[in-house]
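Only one structure is covered here, and it is reproduced in the block below.
Lettering follows sequence order; numbering is per chain, from 1.
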There are 2 protein chains.
Amino acid sequence: PPRNAEKRINCTKIINRTNNFTSVCGGETASMSQQAVNGVPCRGKVLTVDNMNPNVKRVEYAVRGPIVQRAVQIEKELREGVKKPFTEVIKANIGDAHAMGQKPITFLRQVLALCSYPELLEDNKFPEDAKKRAQRILGACGGHSIGAYSASQGIECVRQDVARYIEKRDGGIPSNPDNIYLSTGASDAIVTMLKLLVCGEGRDRTGVMISIPQYPLYSAALADLGAVQISYYLDEEKCWSLDVAELRRALNAARQHCNPRVLCIINPGNPTGTNKDLIHFHLKNNQLSQVQSRQCIEDVIRFAKEEHLFLMADEVYQDNVYAEGCKFHSFKKVLFEMGPEYSSTVEMASFHSTSKCYMGECGFRGGYMEVINMDPEVKTQLTKLVSVRLCPPVPGQALLDLVVNPPQPDEPSYITFMKERTAVLSALAEKARLTEQTFNAVPGITCNPVQGAMYTFPRITLPEKAIDKAKEEGKVPDMYYCMRLLEEEGICLVPGSGFGQREGTFHFRMTILPPTEKLKVVLQKIRDFHVRFTQEFS
Amino acid sequence: PPRNAEKRINCTKIINRTNNFTSVCGGETASMSQQAVNGVPCRGKVLTVDNMNPNVKRVEYAVRGPIVQRAVQIEKELREGVKKPFTEVIKANIGDAHAMGQKPITFLRQVLALCSYPELLEDNKFPEDAKKRAQRILGACGGHSIGAYSASQGIECVRQDVARYIEKRDGGIPSNPDNIYLSTGASDAIVTMLKLLVCGEGRDRTGVMISIPQYPLYSAALADLGAVQISYYLDEEKCWSLDVAELRRALNAARQHCNPRVLCIINPGNPTGTNKDLIHFHLKNNQLSQVQSRQCIEDVIRFAKEEHLFLMADEVYQDNVYAEGCKFHSFKKVLFEMGPEYSSTVEMASFHSTSKCYMGECGFRGGYMEVINMDPEVKTQLTKLVSVRLCPPVPGQALLDLVVNPPQPDEPSYITFMKERTAVLSALAEKARLTEQTFNAVPGITCNPVQGAMYTFPRITLPEKAIDKAKEEGKVPDMYYCMRLLEEEGICLVPGSGFGQREGTFHFRMTILPPTEKLKVVLQKIRDFHVRFTQEFS
């Protein structure tokens, strides 16, 4: 039968490739013909890289890619006593605040301890407001335990608190707890939302617009779902601004080969560290005009409506805004201020997380999304879909509740909480300035201001000879650069190619999270390396 | 252009269906022609149930389906003072131990509190072994905080502990921490593994064998992935036994229309509450033969090898084995005891969770899978795929570490831990017996022994007139039955149709988790209802 014949061919191929029959067929070489004689064709693995899900093979995720794997290896080598030109690997590849030494916010962890081990509610060492929060969360859990499953959409009282938080943030624009879906970090909600939106085959396949540079969760999820990525470029010359003309160019080009249905925006930006509110700020020589600062968001919303696109607003860095005189404007707020023509029609999902901002609680995998103007039948499907995974982690839900409902001025934990929160955010603002200044003083590195989020995405000029050398080694030039930096200085960054960049330009993403003293060392080491690297290839 | 024309047609359709133009197009009716005049076609929602991901629409998950949604509604009505023939809804639809009143294991929660708020390490109220565990876990976390991301595959020391646990469980058969992947509950790992395995189109599409009845995560994941479900039936007459002849029948039938590549087994069984180890036990009049008890698992493994199938062993109920004289045999142990012809060739993944067994910590979403004989290149792809979601929730990883590395006899928490663990497991064994006996005494209900897991799946005989009545109401008969039971007695079960059953037979799944006194009430209410229901339609 043809299927067996096919398998036999595959088998030969595998054997030839691995040159190791025993490990493939698990018998001795002699048994090959025996097996064939007995009518059982010789077969390799059931699951091989040649017959696995092809979409998964296309997935790439640079933030934890080859360079990070090598960093982990080097750490192991250091522990085993291998001599290196450095004593420690500093991982500036990922926005992982606690790993960088940031201390957890006391109030959050007190409540989590109380929820984990309610016997502590009897303990006088815990402040009353922490106990009150824990009791309220436990009261909303099945059997008063965070070990029970919650509703699939998330604990109801947490969703209510999220809705109130959004209302307060957006100056009173209403938010409905039924539109809030708690999630396993923001990543989970983003992937779920994309999954709902993907359909069609060939030219009708769903296209999703994402910025370049982008956070690679998006490209990874699109590859996994077999959707079409539509790249629009941010303008590095104009402080990574987003231009509607560029959105339109990308959209029109994409209409030739797919069905564009979704527009994703990251604000404040990852990896660019910019704030959509601010693009005109820098264009106008530091003359901030409050009217213009929202213009970009309005333009994007108008574009989405005109072009019949579903808007996905990744706003996980909403508390990470450093540039002076500037605040975060949510897409929802701007949408509603544009009047009912927009607020009652434009479909949108906005995402938030416990992993970033002042708390940096990545390990808890907490997050939420708010859906706006979603078709009720689709919402029913969404609720059904999330129910298959039962519920987001309940400790993460509890944590999210505290983030959206922090200590109030009349509560005993308020002062400490505000002190800790402010310390984190002002240190980040200081580090944002430090990073920009240091990089811009290095010949061959140029860096936009870090206005928001927790990253910088400087552009690096690489000598032609270095580019040739990289190609010789089969590496993308900025990957070659970052790998050399890792091997020589122990600094782990992510090459710009992992986020996307204009052809012929090179960048890296670095988090500004290391403590100030360590950050200074990191910046110094990158400067020294860059100078050395440039000389080597000149 | 054709695309716009198409959109206009869709729009008309939506308007006709909803009969509410304003809500669809967000303007006044008069604006419809205006919009068309301006060249902007009238358009409905971007995302509708007609143009969303069709695979998501096919997903069904009965455990949290319509009956549970109605139960939540009834609870709300009760709170609002609506009079019902009962004062409380008892949700026996899901294996949610803490929600059913089971108390968390003290040791687990002490360590979690210490990990959440390490200041408690100074507190004398916590036993030394709990502190030691917490310090070890924190030491393995970035910045000594469970708020840092872990490695995507899971914290290394937790994976080492998991490997040691498996070795001990399986009598010394080696386990490699590199083959352990921690996950967000077992569901996450099961879906990830299925995702890797799915490829091909049309007749070449991957087929996955699952038991009927099954746990609906499997059918839901297959629908989502667009894979082909291959149903093999468990034999209710023989205590839900699994017969290789039936596996072969299902496989051969499926080969006509897909490419079968995966065999999924749930042991101990969900929803059937049976143990593969035990099928011969009941066939042989309570004469347990240790040799025969493993026969079924061996047969399945042999079948998988012969037919070139990837084995997925869902073993999340591995501590929930109640039948006397019987223990859990893992598929891996049996595989390795069958000799190198099998142990070095058969590809397998085995799944475990923190949600079941004696701990019942569902809300933490902890779990792991062990992969065996997986192609190294595929493993690289798997590691890359899980990295996109960054990491499983770290509190769940910490919890899993305690489950696989519980207090030892020489440690201070041992006695309390064992007392609590034994109390849960023996109560479950007692409730398993009680459930079987009570149901089998009701005419029209027959029930296999609950040998393992935490469910019973009794068969119910429904009068012809009841079946007709259900059809009249457009309901599946066992859904009609369960809905009536919910409305009249406040008991929430899942209809057998949600798990699959042989044509013409009807069942429900009930968890045996309610506390003994409440379980007695539940069983009594079901008995009364069943008698009444049968009389009504006779």
Side-chain angles (χ1 to χ4, degrees), chain A residues 26 43 45-49 51-54 56-57 59 61 64 96 98-99 101 104 109-110 112-113 116-117 120 142-143 145-149 152 184 187 195-199 217 220 261 308-310 344-345 347 361-365 375 377-378 381 384-385 387-389 393-396, chain B residues 26 43 45-49 51-54 56-57 59 61 64 96 98-99 101 104 109-110 112-113 116-117 120 142-143 145-149 152 184 187 195-199 217 220 261 308-310 341 344-345 347 361-365 375 377-378 381 385 387-389 393-396:
Chain A
R43 293 176 299 193
K45 296 277 185 194
V46 175
L47 179 60
T48 71
V49 82
N51 67 21
M52 65 176 282
N53 186 330
V56 171
K57 277 191 276 188
V59 166
Y61 189 68
R64 293 208 154 177
D96 190 355
H98 293 198
R109 294 309 194 86
Q110 284 177 330
L112 286 167
S116 299
Y117 190 51
L120 293 171
S145 166
I146 55 170
Y149 291 120
S152 300
T184 308
S187 304
K195 180 181 279 179
L196 280 183
L197 281 153
V198 170
C199 72
L217 168 70
R261 301 180 70 197
H308 209 232
L309 299 170
F310 193 104
S344 65
T345 60
E347 293 151 72
E361 293 278 12
C362 315
F364 280 83
R365 314 308 297 120
D375 182 290
E377 286 181 274
V378 175
Q381 294 287 330
K384 178 192 73 179
L385 181 62
S387 79
V388 177
R389 296 293 187 91
V394 177
Chain B
R43 294 176 298 195
K45 296 276 186 196
V46 176
L47 179 60
T48 71
V49 80
N51 66 21
M52 64 177 281
N53 186 331
V56 170
K57 276 192 277 189
V59 165
Y61 188 68
R64 293 209 154 174
D96 190 356
H98 293 196
R109 294 309 194 88
Q110 284 176 331
L112 286 167
S116 299
Y117 190 50
L120 293 170
S145 166
I146 56 170
Y149 291 120
S152 301
T184 309
S187 304
K195 180 180 280 181
L196 280 184
L197 280 153
V198 170
C199 72
L217 167 70
R261 301 181 69 197
H308 209 234
L309 299 170
F310 193 103
E341 192 193 343
S344 65
T345 61
E347 292 151 73
E361 295 277 12
C362 314
F364 281 82
R365 315 308 296 122
D375 181 289
E377 285 181 274
V378 174
Q381 294 287 331
L385 180 63
S387 79
V388 177
R389 295 295 186 93
V394 176

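Distance CG/B:Leu196 to CG/A:Leu47: 6.0 Å, rounded to 0.5 Å. Going from atom CD of A:Glu377 over to atom NZ of B:Lys45 covers 11.5 Å, rounded to the nearest 0.5 Å.
Top candidate by heavy-atom pairs under 4.5 Å with chain A, chosen from B:Ser145, B:Pro395, B:Ala113, B:Cys362, is B:Cys362. When each of B:Phe364, B:Tyr117, B:Tyr149 is scored by its heavy-atom pairs under 4.5 Å with chain A, the top score falls to B:Tyr149. Across A:Val388, A:Val394, A:Leu385, the residue that shares the most heavy-atom pairs under 4.5 angstrom with chain B is A:Val388. Between chain A and the options B:Gly143, B:Ala99, B:Pro54, B:Gly147, the largest number of non-hydrogen pairs under 4.5 Å is found for B:Gly147. Top candidate by heavy-atom pairs under 4.5 Å with chain B, chosen from A:Ile146, A:Leu120, A:Leu112, is A:Ile146. When each of A:Ser116, A:Gly142, A:Ala220 is scored by its heavy-atom pairs under 4.5 Å with chain B, the top score falls to A:Ser116. Per-residue counts of heavy-atom pairs under 4.5 Å with chain B were compared for A:Gly396, A:Ser187, A:Pro104, A:Ser152; the largest is that of A:Ser152.
Residues A:Thr184 and B:Thr184 have side chains in contact (heavy-atom distance under 4.5 Å, counting atoms from C-beta outward). Within the 4.5 Å cutoff, the side chain of B:Val198 has no heavy atoms near those of the A:Met52 side chain. Looking at heavy atoms from C-beta onward, B:Leu309 lies out of side-chain contact with A:Val46 at the 4.5 angstrom threshold.
Proximity to chain A (any heavy atom under 4.5 Å) is shown, for B:Ser387, by both the backbone and the side chain. At a 4.5 Å heavy-atom cutoff, the contact between B:Pro393 and chain A is made by backbone and side-chain atoms alike. Both the backbone and the side chain of B:Arg109 come within less than 4.5 Å of a heavy atom of chain A. For B:Glu347, the part lying under 4.5 angstrom from a heavy atom of chain A is the side chain only.
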Item to check | side-chain contact (heavy atoms from CB on, under 4.5 Å) evaluation trace for A:Arg389 with B:Tyr61 | outcome: CA-CA 10 Å; A:Arg389 296 293 187 91; B:Tyr61 188 68; over 6 Å; no
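Proximity of a side-chain donor or acceptor of A:Asn53 to a complementary backbone N or O of B:Lys195 within less than 3.5 Å is detected. In this structure, A:Lys384 contributes its side chain and B:Lys57 its backbone to a donor-acceptor pair below 3.5 Å. A distance-only check finds no donor-acceptor pair linking the side chain of A:Gln381 to the backbone of B:Val49 [under 3.5 Å].
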